[in-house]
Amino acid sequence: MQIYRNSNGLIKALLVDIEAGRELMIQVGLEEGFTSKNTIAISQFIDQLLNHLEEVSATD
């Protein structure tokens with residue numbers, strides 16, 4: 001992830017990453033099962049992105 005000078009750019013980047021992660025999680029979930037280790041790892045990464053988005057949004 002890149003570092004942005006303003007939070008708008010960071011928010012947009014986080015939203016793109018979250019959506020890409022969501023799509024990947026669904027794909028992996030359909031292929032491996034929604035409780036597979038890979039699906040859960042992707043879900044946890046998305047959770048981290050969402051937490052970061054919340055922090056950035058709260059400082060605006």
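Note that the structure is predicted; figures quoted are calculated from it, not measured.
Distance check: L49 CG to E54 CD gives 13.0 Å after rounding to the nearest 0.5 Å. Rounding to the nearest 0.5 Å places CD1 of I18 at 11.5 Å from CE of M25. Taking OG of S7 as the start and CD of E55 as the end, the distance is 13.0 Å to the nearest 0.5 Å. We find the NZ-CD1 distance between K37 and I42 to be 14.5 Å, quoted to the nearest 0.5 Å.
Taking a 4.5 Å side-chain heavy-atom cut-off between Ile, Leu, Val, Met, Phe, Trp and Tyr, the cluster of I26 extends to L30, F34.
The minimum heavy-atom distance between V56 and L14, with the atom names listed, is CG2-CD1, 4.4 Å. Of all the heavy atoms in V28 and S36, the pair that sits closest is CG1-OG, 4.4 Å.
The salt bridge (charged side-chain N to carboxylate O under 4.0 Å, His left out) analysis of residues 22-32, with sequence neighbours excluded, yields the pairs E19-R22.
Both L15 and F45 belong to a common hydrophobic cluster when Ile, Leu, Val, Met, Phe, Trp and Tyr are linked at side-chain heavy-atom distances under 4.5 angstrom.
The backbone N or O of L53 lies less than 3.5 Å from a partner atom in the side chain of S57, making a donor-acceptor pair.
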Quick one, L50 with I46, criterion side-chain contact (heavy atoms from CB on, under 4.5 Å). Give me CA distance, side-chain angles, the key distance, then yes/no. CA-CA 6 Å; L50 288 166; I46 293 169; 3.9 Å; yes

